[in-house]
Amino acid sequence: MTATTRSLASGPGWQVSDVICTASAGDRPFEEAHRDFCVAAVTSGTFRYRAQQGTAMLAPGAFLLGNPGTCYECGHEHGSGDRCLSFHFGPVYMERIAAGVPGARKLAFEAPRLPPLPVLASLLAEAETAREMADTDAFEELGLRIAGAAVAKVCGPTPVRRTPSRRDQKRVAEAVRRIELDADSPVSLSALADETATSPYHFLRVFRQVAGMTPYQFLLKTRLHRAAVRLRMSDDAVSAIAFEAGFNDLSTFNRRFRRVMGETPGHYRACRGAFRDMRVAPVS
């Protein structure tokens, strides 16, 4: 085998895997068939991809596109090995995504790839970060955003940004309150969408437009803020504060806290202690 596949996360109708291929120019191109819709982000290496939609050379930053039931072939005539974040979507799941993309003409990818576009760079960076940090909770949302971007670019015209309706704004406000109330517990994107009677992709798109960030980003912001307040106001163990805030892994909490706050939780607390001591010190 020249490729290893490791499942990173999955849910009803979707799955994401980390695929590492070690094939080289001397290896025979291998043929497979897409079982579902596939949008695979190339994170390193190059390879040739041939499918019913055409043939393309894929490089880091590009997205491979596949339709269910179609055969494809990958080859490495010009280099050895590659690595991809491969998102797979069932037809029913993908149909719901396409229904939320303004102007999408039909549910099928007419091109074999999306080139490395600047508008997709940030999204790919988020996906790679989630892979490296083992942030499995981020992948449902990332999958929706990646699939929606692929459908919008390949299956429809350039979308026209519309002002969210008052009804959509109300939905987002209700979802924000729900996240704030249950931030210390697992919050599912699908559950939030169901509560607002919308498809997950439509809910995600409107939430970003109204709130300026995704639901998962808002959830993380809320958790980190509450943890920071606890660090300043209590002497509880950092691990206890992290778990009570909703983080299941202390190392993940430490990395996220440092990235957002600019310092580790321990240093953040130490500075708080120094300020407190200065405030209560007697005047000589």
Side-chain angles (χ1 to χ4, degrees), residues 8-16 36-37 39 87-107 119-120 122-123 126-127 129-130 135-227 245-248 256 260:
L8 299 177
S10 63
W14 67 275
Q15 180 183 2
V16 58
D36 296 310
F37 284 98
V39 182
F87 291 84
H88 298 267
F89 310 95
V92 174
Y93 191 88
M94 197 65 163
E95 185 175 359
R96 296 184 69 191
I97 294 176
V101 177
R105 296 188 298 272
K106 65 177 183 177
L107 188 60
V119 294
L120 299 175
S122 176
L123 188 55
E126 287 186 57
T129 301
D135 189 1
T136 57
D137 292 336
F139 280 116
E140 178 185 16
E141 190 174 279
L142 283 167
L144 282 169
R145 293 168 63 191
I146 286 172
V151 170
K153 289 293 181 183
V154 179
C155 304
T158 302
V160 178
R161 182 175 291 273
R162 297 183 177 87
T163 302
S165 66
R166 293 181 63 181
R167 185 179 183 185
D168 279 337
Q169 293 180 46
K170 182 176 182 293
R171 286 168 169 161
V172 172
E174 291 173 348
V176 165
R177 286 194 291 271
R178 164 84 150 78
I179 293 172
E180 288 182 315
L181 287 172
D182 299 328
D184 56 346
S185 303
V187 180
S188 166
L189 175 64
S190 297
L192 289 173
D194 288 342
E195 291 175 8
T196 60
T198 61
S199 71
Y201 180 73
H202 175 80
F203 170 76
L204 173 61
R205 180 168 56 84
V206 171
F207 192 102
R208 289 185 70 200
Q209 194 173 355
V210 174
M213 62 182 69
T214 71
Y216 187 62
Q217 290 168 343
F218 182 79
L219 173 64
L220 288 177
K221 179 193 75 69
T222 302
R223 288 176 174 175
L224 288 171
H225 172 76
R226 292 180 180 178
F247 293 92
N248 296 322
R256 288 199 173 279
V260 173

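The first residue of the sequence shown is numbered 1, and numbering continues consecutively from there. Quick caveat: nothing in here was measured; it's all calculated off a predicted structure.
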Subject >> Greater than 12 external heavy atoms within 6.0 Å of K170's NZ >> reply: no

**OP:** Could you pull out the closest heavy-atom pair between A227 and A245, with the gap in Å?
**Re:** CB-CB, 4.3 Å

**OP:** Before giving the answer on side chain to side chain contact (heavy atoms under 4.5 Å, CB included), spell out for V206 and R171 the whole-Å C-alpha distance, their side-chain angles and the decisive distance to 0.1 Å.
**Re:** CA-CA 9 Å; V206 171; R171 286 168 169 161; over 6 Å; no

Original post:
Side-chain contact, heavy-atom cut-off 4.5 Å: V172 with Q209?
Top reply: no

Subject >> Rounded distance [0.5 Å steps], CG in L144 versus CZ in R96 >> reply: 9.5 Å

Original post:
If you measure from CG on D137 to CG on N248, what distance do you get to the nearest 0.5 Å?
Top reply: 7.0 Å

Original post:
So, for L142 and A130, which heavy atoms are closest and what is the spacing to 0.1 Å?
Top reply: CD1-CB, 3.9 Å

Subject >> Flag side-chain contact, heavy atom, 4.5 Å: L220 against F247 >> reply: yes

Subject >> Separation of F87 CZ from Q15 CD (nearest 0.5 Å) >> reply: 11.0 Å

Subject >> Heavy-atom neighbours of D184 CG exceed 12 at 6.0 Å >> reply: yes

Original post:
Tell me, do V16 and W14 make a side-chain contact under 4.5 Å, heavy atoms counted?
Top reply: yes

Subject >> L192, D168, T196, V176 screened by side-chain contact (heavy atoms from CB on, under 4.5 Å) with F207, the one that passes >> reply: V176

Subject >> Inter-residue atom distance I179.CD1 - S185.OG, 0.5 Å rounding >> reply: 12.5 Å

Original post:
Step by step, would you call E174 with R178 a salt bridge (Lys or Arg N to Asp or Glu O under 4.0 Å)?
Top reply: CA-CA 6 Å; E174 291 173 348; R178 164 84 150 78; over 6 Å; no

Subject >> Between OG on residue S190 and CD on residue E195, distance to nearest 0.5 Å >> reply: 11.0 Å

**OP:** Work out which heavy atom in G90 is nearest to a heavy atom in D36; give both atom names and the distance.
**Re:** CA-OD1, 3.9 Å

Subject >> Test item: E126 and Q217 side chains (from C-beta on) under 4.5 Å apart, heavy atoms >> reply: yes

**OP:** Taking all heavy atoms of L107 and all of P91, pick out the closest pair and write down the distance.
**Re:** CD2-O, 3.9 Å

Original post:
Under 4.5 Å between any side-chain heavy atoms of Y216 and L189, yes or no?
Top reply: no

Original post:
Between the main-chain N or O of G100 and the side-chain N or O of R205, is there a donor-acceptor pair closer than 3.5 Å?
Top reply: yes

Original post:
Is it true that a side-chain atom of R223 and a backbone atom of A183 form a donor plus acceptor pair closer than 3.5 Å?
Top reply: yes

**OP:** Compare every heavy atom of F203 with every heavy atom of P215, then report the nearest pair and how far apart it is.
**Re:** CG-CE2, 3.8 Å

Original post:
With a cut-off of 6.0 Å (strictly less than), are more than 12 heavy atoms of other residues, nucleotides or ligands near CZ of R226?
Top reply: yes

Subject >> Rounded distance (nearest 0.5 Å) linking atom OH of Y201 with atom CE of M94 >> reply: 10.0 Å

Subject >> Least distance between heavy atoms, A147 atom then I97 atom >> reply: CB-CD1, 3.7 Å

Original post:
Are the side chains of T136 and L8 in touch, meaning some heavy atoms are under 4.5 Å apart?
Top reply: no

